[in-house]
Every structure is written in structure tokens, then in C-alpha cells.
Student: 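Before we start, here is the structure in question, set down as C-alpha cells.
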Amino acid sequence: MLYVAGEISGDSWGIFAFLCAAFWNLPAVPALNSTEEVGAGQSIQKTYDLTRYLEHQLRTLAGTYLNYLGPPFNEPDFNPPRMTRAEMVPSATVDFELWRSLNDNARLAANYRAYTHLLCYLRGMDGQVAKAELRKNLGHFCTSLQGLVVSIASVMSSLGYPLPSPLGSADPTWARGPGATSPHNNFLKKMDDFWLLKELQTWLWRSAKDFNRLKKKVPPAAVMLRLEARDF
Amino acid sequence: MSSGRSWVINALYILLSIFSFGVSGGLVQSCGYIIPESPVLTRGSSFTALCILNESCLDLGNIHANQIIWRIKSSVVPKEQYHVINRTVSSVTFNDTSILATPLTCNILADGQIEQNIYGIAVTVGLPPEKPENLSCIVNQMSKSKFIMTCTWNPGRDTFLATDFRLKSQWPQETLPDCMPQGVNNSCNTSNVQFFVNLEVWVEAKNALGKAESEPIDFDPVDIVKPLPPHNLIVSSEDLPTVLKLSWDNQIETFEMELKFNIRYRMSDSPDWMEVPPEDTESHRTSFTVQSLKPYTKYVFSLRCMKKDGMGFWSDWSKEKSGVTSEAKPSKGPALWRKIDMFHSPNFWAVHLIWKKLDPSEANGIILRYEVTVRARSRLSPSPATYNVNSTNLTLNLTNGTYEVTVTAHNKIGGSPPSFLLIPASNSKAPVKDLKAFPKDGKLWVEWKVPNNNVVKYVIEWCVVSDSSDCTTEWQQELGTSQGTFLKGNIKPFKCYLITVHPLYNNGQGNGQSTKAYLQQSMPAKGPTVQTKKVGKAEAVLTWKPLRVDEQNGFIRYYTILYRTIGGNETAVNVDPSKTDYTLSSLSSDTLYMVKMKAYTDEGGTSGPEFTFTTQRFGKGEIEAIVVPVCLAFLLTILLGVLFCFNKRDLIKKHIWPNVPDPSKSNIAQWSPQTPTKHNFSSKDQIYPEGSFTDVSVVEIEADDKKSFSDQDLKHFNLLKKEKSTSEGHSSGIGGSSCMSSPRQSVSDSDESETAQNTSSTVQYSTVILNGYRDQIPSVQVFSRSESTQPLLDSEEKPEDNSGGCDSATPRQQYFKQNCSQDETNTDGSHFERAKQVTPPINEEDLVGLAQLQISDHSLQQCGSGPEQNKHESALSDVLSSSTEGQILRLETMGINTATVDEIPKSYMPQTVRQGGYMPQ
């Protein structure tokens with residue numbers, strides 16, 4: 001009887017020692033003190049939500065704005081050929097395979113650059129709109145888009161990637177900004193706006209996919225903690 | 001004088017110089033200035049100001065900085081706070097700026113004590129802003145796509161200065177426009193809300209004395225949203241009776257946020273909400289099916305939402321919407337009871353079946369009909385009779401027997417389980433025990449003890465006990481397991497309820513036990529009217545009517561009788577309520593008492609009207625005790641008096657009736673021997689034999705006679721004597737007839753007798769009549785009639801008998817006897833006898849007698865004694881009637897002649913005897 005009790009106490013001492021060791025090593029668990037990783041998961045999720053939110057916002061805004069532009073831009077089946085001029089706008093029509101072959105950093109940087117430029121064009125468009133309600137909506141969308149740029153930047157920083165220079169020298173047309181290239185032809189200008197919205201929509205759609213993928217790649221903090229703990 | 005003049009000159013000089021200086025230096029060129037210019041100071045800090053004089057001014061006169069005087073408004077700052085730095089600069093120091101006020105002026109006292117203002121500054125005292133605290137923000141959804149963020153904070157203490165608050169916000173690499181509060185300093189609204197980007201927000205407060213910033217808060221605006229509640233809620237019923245389906249529209253888009261919900265519901269008649277388990281509604285949705293509801297019941301729903309992950313705030317509750325579940329079969333049979341009327345004969349009953357409407361929660365729909373089956377419980381067991389009824393009662397006429405009654409309620413879906421009742425349940429089973437009823441929680445509670453375990457259910461009947469109306473019975477049914485219940489109905493306070501509990505068994509029924517109870521008691525409506533039934537000397541029996549049930553307002557616990565005298569203390573006696581009379585004892589006699597009565601319930605008493613009564617002076621039997629002995633004593637006294645009188649009657653007689661000499665005694669004999677009558681001699685001889693007559697008249701009497709003669713009598717004698725002389729002449733003449741007339745005279749008054757005396761010639765008779773008349777009026781008439789000559793005749797016929805009788809008696813006795821013997825018959829008889837005997841001679845004699853009578857009558861008339869006259873006449877007519885009519889005629893013709901007849905026949909001896917008797921007088 002006594003023997004049995006002694007054995008039990010021996011076991012419990014073992015467990016106690018194990019727990020003590022575990023707690024001693026707890027501060028060493030990388031997931032617990034790497035708040036950056038935790039923040040990255042959150043900001044990726046937020047960025048994903050934001051892209052989807054902007055997608056919906058843009059759908060509403062584009063409808064209103066195309067109506068504002070009038071026919072033929074507001075016709076559902078209006079699909080003009082892409083003009084060379086529109087090359088100023090950063091195109092999302094990148095090859096799917098090529099896009100997927102890029103690493104996260106490159107994709108994020110491309111997103112960041114694209115939205116920064118799109119935002120500049122959008123702001124130029126904003127100033128020309130005569131309709132107050134539409135201008136207000138556009139202004140709000142611009143702010144939101146700026147939020148997305150900020151969001152992407154924070155994701156990049158949380159993942160430890162350097163921010164790309166805002167005005168990349170790869171495409172000189174982008175650097176010139178909207179004011180320099182604004183056409184004097186009213187129709188062409190409307191065409192630019194049409195393509196801008198179209199490109200924006202495509203970018204947002206692709207960004208949503210990117211962030212969804214990234215979200216899966218960088219799991220939320222709680223899950224990460226468990227994975228790290230298993231390693232220990 | 002000279003100094004005064006120089007002062008004026010100096011002053012003028014200074015003024016002029018200042019003026020010229022100002023003009024020369026520009027429009028406004030003062031003689032000095034203060035630094036700092038218009039300072040804003042922190043309250044409580046120290047402050048030093050310098051007044052610096054212009055050199056140009058100094059040149060104009062003897063001006064020195066030590067001449068500077070500082071003033072706050074108009075009051076001078078004490079010199080101790082001054083400090084002269086050099087000839088042109090003076091400073092003033094304040095240790096506490098809170099005493100400062102605007103303006104602070106620098107003045108100079110020039111020559112001649114004229115104070116000049118050099119410069120003035122405005123001083124503002126306040127506080128720097130505090131750090132704003134408790135910053136919080138919320139994003140309110142205003143419409144489908146409009147959100148407003150409102151941040152609030154605590155601005156801290158009042159700064160007394162214009163302070164600018166700003167809500168600052170920024171993204172990680174981007175500063176956003178500030179939000180400026182509108183009219184307030186503790187909140188700010190902005191419509192520029194960007195979801196999904198973390199925002200850093202803080203408040204900056206700034207004024208002239210400083211700037212302060214709150215701690216920043218960091219959030220994603222999407223996490224602090226209070227969304228609009230779902231709208232367009234629709235409630236629809238499904239096939240299942242326990243289910244309702246809700247559907248709604250959300251007002252926030254899923255790309256903005258996903259939602260979770262709370263759904264609450266209640267029955268339309270209940271204020272209490274129930275909630276669908278929150279875990280069932282944690283996912284975003286636009287519809288939900290609520291289960292486990294009651295059939296055919298109206299439910300009210302509403303719901304709210306918030307961000308699915310629990311961040312932010314719950315929306316307000318949505319508008320309420322109601323829906324009704326579908327119908328189901330009634331879940332329970334109706335409560336069933338009966339009343340049995342045994343009219344006409346005990347073999348036929350009118351059975352009133354009554355049952356209660358099902359509660360909506362049991363009916364599960366609209367009850368369309370009730371099905372009643374009645375089956376006689378006999379060996380023959382005929383098929384049961386079935387009735388379909390829309391109302392909740394059915395009257396059956398049944399013959400004596402036992403019946404099983406079942407009632408089922410039917411709605412659109414189906415019928416309820418049957419309710420069962422035995423009729424008539426023989427009341428042979430055990431009744432409930434210890435039945436009690438009392439108010440509890442504002443209701444009337446009935447409780448009892450179970451007689452045994454086989455009770456299926458209880459039926460509780462109750463009704464209001466009242467004098468004015470019948471007991472209208474209400475009833476309710478309780479489960480066999482219950483041992484108490486509240487009466488379900490409109491139970492009124494101050495009413496007496498008779499409550500009866502019947503236990504029902506599977507095969508019979510127990511006797512009903514009854515009790516009475518009040519929901520609420522009060523004082524009786526009035527007190528009993530007391531009155532006395534009987535009042536004695538020291539006690540009174542009070543009686544009263546018990547109060548009517550309607551007046552009692554509660555159980556009468558006791559009565560109190562309060563009684564008092566007018567000035568005395570009130571005495572109270574408590575009486576058991578079952579009594580209707582009470583005897584008050586130890587009362588004072590012949591005293592006015594006021595008595596009233598109070599009836600007490602548990603809540604108090606009410607007194608009835610006051611009643612007064614007076615106790616009697618004497619007790620029962622007391623009067624008798626006094627009166628009876630008094631009467632007895634009186635009677636005894638009377639009796640003794642009578643006995644005494646009887647014993648002493650002789651003495652009394654002597655006092656009352658004086659001795660009357662008996663004329664029948666031989667007074668004559670007394671007198672005649674002394675004075676021998678010459679006239680009467682012859683006549684006496686004729687009538688009486690010599691010897692015998694003298695022997696009869698005895699000497700003894702004489703002595704008595706003399707003795708018995710009263711003075712009055714003697715007087716009369718004297719009167720008669722005197723008158724005799726006047727009438728003597730013819731009295732002798734008619735002396736013969738005086739036998740008749742002398743008794744007549746006795747009838748008349750003594751005065752009248754004078755005339756009679758005239759006619760009567762016998763002294764003896766006159767004397768006797770006067771005395772006798774005075775005391776013996778009733779016998780006079782008899783005496784007078786019978787008088788005539790009868791005694792004489794009697795004595796003539798039976799002298800010995802007469803004398804013998806008279807001898808033995810005293811003279812008075814004899815006199816009495818004489819009276820007694822004068823019966824009418826006797827006199828008449830003797831009269832007739834005499835008339836026969838002396839018919840031939842008596843014709844004359846009668847005539848004479850009559851004539852004499854007539855005369856005497858005549859004389860009576862003269863004397864004017866009316867009443868007596870009648871008697872005379874009646875006497876006369878008697879005499880006349882006794883004689884023949886023919887004689888009367890003769891009497892009339894011969895009346896006067898007779899008066900003159902002198903020769904009286906010898907047969908008139910008695911007349912002569914009288915005359916002889918008269919003579920001596």
C-alpha cells in the first residue's frame with residue numbers, strides 16, 4: 001500500500017518537473033514573442049476584407065459613374081478595344097501562370113505599386129466630376145483605396161518585406177502622373193476613365209485572390225502558436 | 001504763494017511737453033510702456049511686469065522711475081511689490097496671478113502730486129488644458145451605406161480660456177483630416193469611416209497656455225459598428241403546429257460584415273420574452289424556424305444583430321411581428337361537474353351536466369362542439385346515448401340509476417381526451433379532512449388533507465352566503481394530487497363564501513366538506529340593535545337580533561355590551577356571539593341606563609344604536625311584601641273594631657240611639673193613677689175591664705220613661721203644650737179620629753207636627769213619634785200606617801198577650817216590637833177586621849177618620865212640605881182603596897159635618913183614652 005503511494009508520488013514529481021521545465025522554456029517559444037507574425041495574419045485578413053469591400057464599392061461606383069459618362073459607356077455590352085493610350089494605366093492583364101510564379105513579395109509589391117498609381121489617376125478623375133454626390137462617392141472610394149495601399153504596406157512590413165519605391169522607374173508613363181497625360185479629347189478622356197475603372201475592378205478581384213491565398217499561407221496567431229508549440 | 005505758482009507752471013509745462021512730444025513722435029506716442037504686452041498667465045503662477053519710461057519724457061521734467069505707481073483696475077498695488085531697476089524702469093511682481101485683473105496700469109506721480117497714466121495692459125489668467133481622458137468611439141449605421149463614427153472623451157477641467165479640441169486620426173503611414181467638434185468639447189462625429197484599415201485616434205486640446213493629447217486608441221472601425229436592426233420581418237406558420245418560420249432582410253452587406261442574431265419571442269398575452277438559443281443563430285442568415293411552440297397560439301417576435309465575431313455592438317431590437325401557430329387536437333378534456341335536481345319523485349332526476357371551456361392553451365384551436373355520451377351502468381348496458389352540444393352544459397332527465405358521462409371537446413383537427421364523471425356518485429367514499437379556507441396573497445386559498453391516495457380529482461364548489469340572494473354556485477376542478485388551491489373567480493372582499501370540496505374517485509365520490517371564509521374582513525356594517533326584554537330593580541335582560549350575514553362583513557367574534565348611567569363610567573361586557581340575550585346584573589334601582597352593543601369581527605367593531613331604560617324602584621315581590629301585610633293589618637284592625645263594637649254594642653247603642661219610651665207601655669198607667677182622668681173614665685171603663693188595665697201599667701216603666709226622656713223630647717212636650725191651647729177646642733172633638741192621624745204626623749216634620757198636634761189629642765203618641773221619627777226614618781211609614789188604633793185594638797182583643805210581651809221587654813224594646821209588628825198585612829188585616837167589626841158605627845168613625853186625615857193633609861199642605869204630601873196622599877189612597885167607593889163619596893159630602901160631630905160613639909174608647917192621656921199635659 002505504502003509502496004503504491006510512493007510510486008504515485010514519484011510519478012507526480014515527474015509530471016511536476018516536466019511542467020516546470022515547460023514553463024521555464026515558454027518565453028523561448030518563438031510564436032509567443034513574435035508579435036509581427038501575429039500582426040501579419042490579422043492584417044492579411046483585413047486587407048483581404050478590404051479588397052472585397054472595395055470590389056463591392058467599386059461595383060456600385062462604376063455603375064453610377066458610367067451612367068454619369070453616358071452612352072455608350074453605360075451600356076452593358078460596351079466593350080471597346082483597348083487603346084494604346086490606356087497603357088498608362090497599370091494593367092492587370094498579366095498572365096496567370098506568370099503571376100502565380102511570382103513570390104509573395106513581388107506580388108505584394110506589384111499590388112502596392114499598381115494601387116498607388118491607380119489612386120493617382122482616380123484622384124485626377126475625382127476633380128473633374130461635376131456631380132456632387134458622385135464626387136463624394138468617388139472621394140470616399142479614393143480614401144478607401146488609399147486605405148488599401150496603407151494596408152498592403154502594413155502587410156508587407158509585417159512580413160518583413162521592404163516597401164517598393166512609390167514611383168517606380170520601370171514605366172515612365174506612370175511616373176508622369178495623370179495630369180501630364182490627360183487627353184484633350186473629351187471622349188478619349190471618358191475612355192480613359194472607363195478603362196481605369198475596368199482595370200481597378202480587375203486588380204481588386206486579383207488582389208482578393210492573392211490575399212486569400214496569402215491568408216491561408218500565413219495562419220492566424222492561435223494556430224501558429226500551436227504549431228510552434230508542437231515543435232518544442 | 002510762490003511755490004503754488006511754480007507748481008501750476010510745472011504742470012502746464014509737463015502737459016505741454018507731453019502733448020508736443022506726442023505730436024512730434026506720431027499720433028500716439030506715450031511716455032512709456034509695459035512689458036510684457038497683454039500676457040496670458042497661468043492661474044496661480046508668479047508674474048513680473050516692467051514699466052519702462054521713454055528717455056524723451058524724462059528730459060521734459062523731473063521724472064524718475066521711483067515715481068511710478070502700479071494699479072490693478074483702480075486699486076493701487078502695494079509699494080512693497082515695486083522694484084526700481086534704474087531711473088527709467090520700475091517692475092512689479094505678483095506671487096499669485098489669480099489676484100490680477102484687467103487693466104494693469106503704470107502711472108507716474110509728477111510734480112505737484114498729479115498722477116499721470118503712462119500705460120496699461122490687459123491680463124488674461126487661465127489654465128492650460130488637461131489631458132483628455134476616456135476616449136471611445138462607436139460607428140453607428142445610419143442607413144444601408146452610411147456610417148457615422150462618434151468619438152467621445154472627457155475634456156477635463158475648465159481652462160477659463162478658449163481651448164481648441166480636435167479629434168486626430170491616422171493610418172499607419174497616412175494622416176487623415178482632423179475632426180472638429182461642433183459646439184461641444186467632448187465629442188466629434190465624422191462620416192469618413194474606412195473599414196478594414198486600422199485607425200489610430202487621439203484627441204488634442206490646445207489653448208494659449210498649452211497643449212495636451214489623450215492616449216491614442218487603435219481600432220478598425222468595422223469592429224465598433226452598431227448596425228441597424230434587421231427589417232422586413234415576416235412570420236409564417238408551417239404545417240407543424242409547433243413551428244413558425246421567420247424571415248427578414250439585413251441592412252448591412254455581407255462584404256462589410258457578417259452578422260449573428262438574437263431572436264426573442266413571447267406569447268401575445270404575456271410580457272415575458274423567451275429567447276432562441278444564441279448558438280442557433282450565430283451564423284449570418286436571413287431566416288430562421290422557431291420550434292417547440294404551442295399550437296394555435298399567437299407569438300410575437302423580434303430580433304437584433306451584431307458583427308458575427310462579437311466585435312462591436314448589438315443593434316436595437318427590430319420591430320415586433322406576430323404570427324399564430326396552426327391548430328392541433330385539444331390536449332385535455334374539459335373539467336366536468338353536475339347538479340342534480342330531484343324534483344317530483346326521487347326516481348326521476350334532472351341532471352345538469354356542466355363543463356368548463358378549455359383554456360386556449362389546452363384547446364389548441366377553436367372548439368367547434370362538445371360530444372357528450374351517457375351510459376347507464378347496469379347489467380343490460382344499453383348502447384350509450386350521444387349528444388353533440390355547442391354550449392357548455394346539458395340537462396338530462398334520467399331515471400334513478402348510475403351513469404357514466406364522458407365529454408370530449410372537438411376542434412378542426414380532432415377531439416380531446418374524454419372527461420369522465422359518475423352520476424350519481426354515491427357519496428359513500430371518504431371525504432377530505434381538515435378543510436380550511438383563508439386569504440393568501442390577496443386571493444382565497446382552500447386547503448385540505450387527502451382522505452386516501454385514490455382520489456382522481458377534486459371539485460371545489462363555492463358561493464356567496466347572503467340573506468338577499470341565493471347561493472349561486474361556482475366550481476372548479478383540481479388534480480387528485482393537489483392539496484390546496486386558490487379559488488379562481490371574482491372573489492369579492494367582505495363577502496362570506498361557503499366552500500365545499502368533493503373528492504372524486506374512480507368509482508364514486510366522497511361527501512362534500514364545507515367551510516366558510518372571507519377574502520377580506522372588515523368591521524360590521526352596523527351594530528346590533530339592543531333592547532330590554534325585562535327590566536328589574538337591579539338587573540335587566542337585554543335582547544338583540546343577530547346581525548344579518550350581509551351586515552357582518554366578517555366573522556363575528558364577540559359582542560360587547562356597553563352600558564352606563566348618565567354621569568357614570570361606561571361598563572363593557574363581552575358576550576359570546578352565539579347568544580341573543582344577556583342579563584345585566586348589579587344595576588342601581590330606579591336609574592336611567594344607556595346601553596349599546598358592538599359587534600366585533602377580526603377587523604374591529606361597530607356599535608349599534610343606544611337604548612335607554614330605567615330600572616325599577618322595587619324589585620319583584622317587594623310591593624306584594626309591603627301591600628299584603630298592610631292589607632292584613634287593616635283587615636285585622638277592622639275586625640277588631642267590629643268585634644269591639646259588637647261587644648260594646650249596648651254602650652254604643654246608648655250613645656247613638658237614645659232611649660225611646662215605649663208608648664205601648666203603660667205610661668198611661670203611670671200617670672192615670674196620679675191624676676184620675678175624668679173624661680176618659682167612662683170610655684175606659686167601656687173598653688178595658690177595670691182591674692186588668694191598671695194591673696198592666698207598671699210603675700217600673702215610669703221611672704224608665706222619665707229617665708229616657710231627653711230634653712228635646714221635653715221641649716217638644718212644651719211646644720205641644722202651648723199649641724194645645726189653640727187647638728184644644730176641636731181637638732177633643734176629633735180626638736176619636738186622632739188614632740189615625742197621629743201616626744201620620746210622625747211622617748211629617750217636627751214642625752209640621754204642630755198642626756198634627758192640633759188634631760191629635762193624645763200626648764203620649766205625639767212624643768213617641770217625634771223621637772222615633774228623628775232617628776228611624778225608614779220605619780216611620782210602616783209605623784204610621786199600622787198605627788191607627790191597632791195596638792189599642794190588639795190590646796183590647798188580647799190585652800194580656802200584649803202586656804205580657806211588653807212586660808218582659810224594656811220599654812224601648814217594646815217600642816221596637818211595636819214597630820216590628822206593624823206589617824202592612826197585619827195592619828191591613830186588622831184594619832179590615834176592625835172595619836168589619838164596627839161596620840155600622842164605624843161608618844161614622846171612618847168618615848171622621850177620613851175627615852181628620854183630610855184635615856191633617858190640609859194642614860200639611862199649608863205647611864208646604866211637598867214631598868211628604870205625596871206620601872200622605874199615597875197613604876191616603878191606600879186607605880181609600882181599602883174602603884168602598886161609596887164611602888168616599890159620602891166622605892166628600894159629609895166631610896165638614898163630621899168635624900162638628902161631638903158625640904163620639906162609645907166604641908171610640910181608645911180615642912178617649914188618649915184624650916185622657918193628653919189631659920194631664
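Chain letters run A, B, ... following the sequence lines, proteins first, then strands; residues in each count from 1. No experiment lies behind these values; they were computed from the predicted model shown. Worth knowing before you read on, the calculation uses all heavy atoms, side chains too, and leaves out hydrogens, waters and symmetry mates.
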Student: Here's a test: name every donor-acceptor pair under 3.5 Å between chain B and chain A, with the distance for each.
Tutor:
from: B:E174; atom 1: OE1; to: A:Q146; atom 2: NE2; distance (Å): 2.5
from: B:E174; atom 1: OE2; to: A:Q146; atom 2: NE2; distance (Å): 2.1
from: B:V193; atom 1: O; to: A:H140; atom 2: NE2; distance (Å): 3.3
from: B:Q194; atom 1: OE1; to: A:S144; atom 2: N; distance (Å): 3.3
from: B:Q194; atom 1: OE1; to: A:S144; atom 2: OG; distance (Å): 2.1
from: B:Q194; atom 1: NE2; to: A:H140; atom 2: O; distance (Å): 3.4
from: B:Q194; atom 1: NE2; to: A:H140; atom 2: NE2; distance (Å): 3.1
from: B:Q194; atom 1: NE2; to: A:S144; atom 2: OG; distance (Å): 3.4
from: B:D220; atom 1: OD2; to: A:K46; atom 2: NZ; distance (Å): 2.4

Student: Partners of B:F147 by ring-ring contact (aromatic ring centres under 6.0 Å, His included), sequence neighbours excluded?
Tutor: B:F195

Student: Would the number of heavy atoms belonging to other residues, nucleotides or ligands and lying under 6.0 Å from NZ of B:K206 be above 12?
Tutor: no

